[in-house]
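First the proteins, then the strands, lettered A, B, ... as listed; each starts at 1. The structure displayed is predicted, hence computed values, not measured ones. Heavy atoms only: backbone and side chains are in, while hydrogens, waters and symmetry mates are out.
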Protein chains: 4
Amino acid sequence: MLEAAAAAFVASGVEAPVRDIAARAGVGVGTIYRHFPARSDLIIAVYRHQVESLAEAGPDLLKTSAGPYAALGRWIDLFVDFLVTKHGLAAVLKSENAGFETLHTYFLDRLVPICTELLEAAATAGEIRSDLQAYQLMRGVGNLCIGAESDPRYDARRLVELLIKGLRTDSTDRTEHRSGNRN
Amino acid sequence: MLEAAAAAFVASGVEAPVRDIAARAGVGVGTIYRHFPARSDLIIAVYRHQVESLAEAGPDLLKTSAGPYAALGRWIDLFVDFLVTKHGLAAVLKSENAGFETLHTYFLDRLVPICTELLEAAATAGEIRSDLQAYQLMRGVGNLCIGAESDPRYDARRLVELLIKGLRTDSTDRTEHRSGNRN
Amino acid sequence: MLEAAAAAFVASGVEAPVRDIAARAGVGVGTIYRHFPARSDLIIAVYRHQVESLAEAGPDLLKTSAGPYAALGRWIDLFVDFLVTKHGLAAVLKSENAGFETLHTYFLDRLVPICTELLEAAATAGEIRSDLQAYQLMRGVGNLCIGAESDPRYDARRLVELLIKGLRTDSTDRTEHRSGNRN
Amino acid sequence: MLEAAAAAFVASGVEAPVRDIAARAGVGVGTIYRHFPARSDLIIAVYRHQVESLAEAGPDLLKTSAGPYAALGRWIDLFVDFLVTKHGLAAVLKSENAGFETLHTYFLDRLVPICTELLEAAATAGEIRSDLQAYQLMRGVGNLCIGAESDPRYDARRLVELLIKGLRTDSTDRTEHRSGNRN
DNA sequence: TATGAATGAGAGTTCATTCAT
DNA sequence: TATGAATGAACTCTCATTCAT
């Protein structure tokens, strides 16, 4: 059922009609509502599953990658993979709708610490600037992924790459020296 | 009326109910439809005005700024000013809806050449890499602006700044340590 | 203006938008309303003109035709000419809408006596049965004309001809007198 | 629900507001739309049922009536029964609206052959003239039925009877025998 | 517990009618 | 007196949500 919902979200965004989701899942709409009394519960459930995997990937990457910046890059890649297939996510994240509060909270509670950890590791290693909050980065990456799947001329991954690159310790200042610390 | 529509778009996105727009404008829905037979006409009208100003600003900035990269940065700032108040823009830009085609086309026809000019000037000056199309940049900046006005913890301008910074000729690459990232 | 309205009625029926009528007439909608406060007044005015001509034709035909049945046939032809271009007429005639009452009344007051005269003359001459009221005949002919202009496979005139033929004194039952009709 | 729709059609024509139909049926508009996604589907459903009965009656009448002309007369009576309660039918039949195409086609496909059969049988028997197409007859009868239920002074049946009588082989011209019809 | 029919609020759009200019 | 911009009721259709089976 979650897969069905995820598929519907991919196809029509998180605002996909409940009927479509039910149809994809091969159940009645009543069944959807039984399990997910509010639409947001369903959305939460769909995202929770994937958010969880993503969260778990953070520490692993930090261990297995060639440095924290590389780990951050890989993790952001996973995040992008996640987001690119969920083009309604930004809408949900910016929604003031009370029903989405829970999802929002969960989402942030779960991922922001992981992202913070990666950012801090990279900052500590002097690889990136340290003045961007994980929340902002995730939000930005999320936004960059909007509509990525439907526009062949748009490459979200490419832009996210540039954004991450923009985090590098100050490259901008025509560094002749080693890219040392803060800009 | 355009101001009312713009305000409604700010509050609810470009999908704001026509009734809401009419209410904000203090007119009846019929009046909206008299001036803008299709919803898309209204959207176009709201955007056209601002897109025009933006387009005109491009060449000026190139003349008055301290270098093409600075001009690009300033122009992107204006673009962000524009976009931050139009969080439905991304939706419109990715919409396959035939009614939005006109806006889409106009938008791109008008702004992409300006942005291209700025990008090329900066690339020619060796200030930035030359491998990002104006369309992609504008799309990316547009996306980064989504929901910016409603979330105090999110600073679109900051992220756009990082993205633009990521365009700088590869400072990063002059670093000798090749930090083994995916980039 | 009446011509414009008539043309609009031909094109879209008597329910033609007032705006269309105004546009055809080259005046503002306000002008239409000034002259015809209610839509029905306009309809009445449009029909009155033609109904009047039709009414006047009755006595003339009775004088100039080869017998009352022929006169009736000719008059019905004129009636059909009138109706075929007014496909909204039946709708108006059957409308319970109070606003149409005036038209209805006028229409009947003016034409039914004429038609009655023709029918009675033909009945008196033994050419037709005498048991059909003029009201009914006019109504029937009116109905047969509905939609005549938009369907090439439908020939209202042909059917009206059959209907009138059906009025013949019972020809079916052995008439030998060849009543020299138009049929 | 079909009965409610039929009743609404009787009262207000086939253009009866869906809300009215829902109200008559004692259901919500959503229920109407669930069963009949497009307005035309509802119209089709209402008519289909009755058209079907009518079509089936044709061959039966040919077997059980006193001659083909009598059968034709009986069948036309049934047709009139059908039509008198559907005063929006003419509008639908002449509508260019794509949505009505299906109904139109079905209607003609189903009834014209039946009517043709009856007409041909009567023509072969020498009872009627053979130069009127079934389509035209049905259209004419249909038109004569418009508004019949709302006007006590109008008797569609009477007029249809005259029309059918007008079809008799030219009685007017020669019949000396009593052609034993129902008339 | 699962189903899906039913509900009805809400959105877009049209057009008769009013009224300030 | 003529105009046409403005109004808003009314109509179709969609879909979240409820609830009897």
Checklist entry - When rounded to the nearest 0.5 angstrom, what distance separates CZ in C/F82 from SG in C/C145? => result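 SG of C/C145 is found 10.0 Å from CZ of C/F82.
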
Next on the checklist: Nearest 0.5 angstrom please: C/M1 CE to C/E3 CD, how far?
Outcome noted: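 It is 10.5 Å, given to the nearest 0.5 Å.
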
Next on the checklist: Classify A/V29 by what it touches in the nucleic acid, base, sugar-phosphate, or nothing, heavy-atom distance under 4.0 Å.
Outcome noted: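 Since a base atom lies under 4.0 Å of A/V29, the category is base.
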
Checklist entry - What is the nucleic acid contact for B/A16, judged by heavy atoms within less than 4.0 Å: base, sugar-phosphate only, or nothing? => result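 Sugar-phosphate contact only - B/A16 comes under 4.0 Å of backbone atoms but never of a base.
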
Next on the checklist: Return the pairing partner of E/dT21 with a 3.5 Å limit on both distances, Watson-Crick or G-U wobble; otherwise return none.
Outcome noted: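 F/dA2 is the nucleotide pairing with E/dT21.
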
Next on the checklist: When both hydrogen-bonding distances must be under 3.5 Å and the geometry is Watson-Crick or G-U wobble, what is E/dA16 paired with, if anything?
Outcome noted: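 E/dA16 is paired with F/dT7.
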
How many Å lie between [atom1] on [X] and [atom2] on [N], as a whole number?
| X | N | atom1 | atom2 | answer |
| --- | --- | --- | --- | --- |
| D/I21 | F/dT12 | CD1 | C1' | 11 Å |
| A/D20 | E/dG4 | CG | C1' | 15 Å |
| D/Y33 | F/dC15 | OH | C1' | 13 Å |
| C/M1 | F/dT3 | CE | C1' | 13 Å |
| D/D41 | F/dT14 | CG | P | 11 Å |
| B/R19 | E/dA9 | CZ | P | 14 Å |
| A/H35 | E/dA2 | NE2 | P | 4 Å |
| B/L42 | E/dG12 | CG | P | 11 Å |

Checklist entry - Does C/Y33 reach the main-chain N or O of C/G28 with its side chain, forming a donor-acceptor pair under 3.5 Å? => result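 Not confirmed, C/Y33 side chain does not pair with C/G28 backbone.
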
Next on the checklist: Parallel, tilted or perpendicular, judged at 30° and 60°: which one describes the rings of B/Y47 and B/F9?
Outcome noted: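 B/Y47 and B/F9: tilted rings.
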
Checklist entry - More 5' along DNA chain F: B/T31 or D/P17, using each one's nearest nucleotide? => result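 The residue whose closest nucleotide sits nearer the 5' end is B/T31.
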
Checklist entry - Do D/F36 and D/L2 have side chains that get closer than 4.5 Å, going by heavy atoms? => result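 Yes - at least one pair of side-chain heavy atoms lies under 4.5 Å apart.
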
Next on the checklist: Both B/P37 and A/R34 contact DNA chain E. Taking the nearest nucleotide for each, which residue is further toward the 5' end?
Outcome noted: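 It is A/R34 whose nearest nucleotide is closer to the 5' end.
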
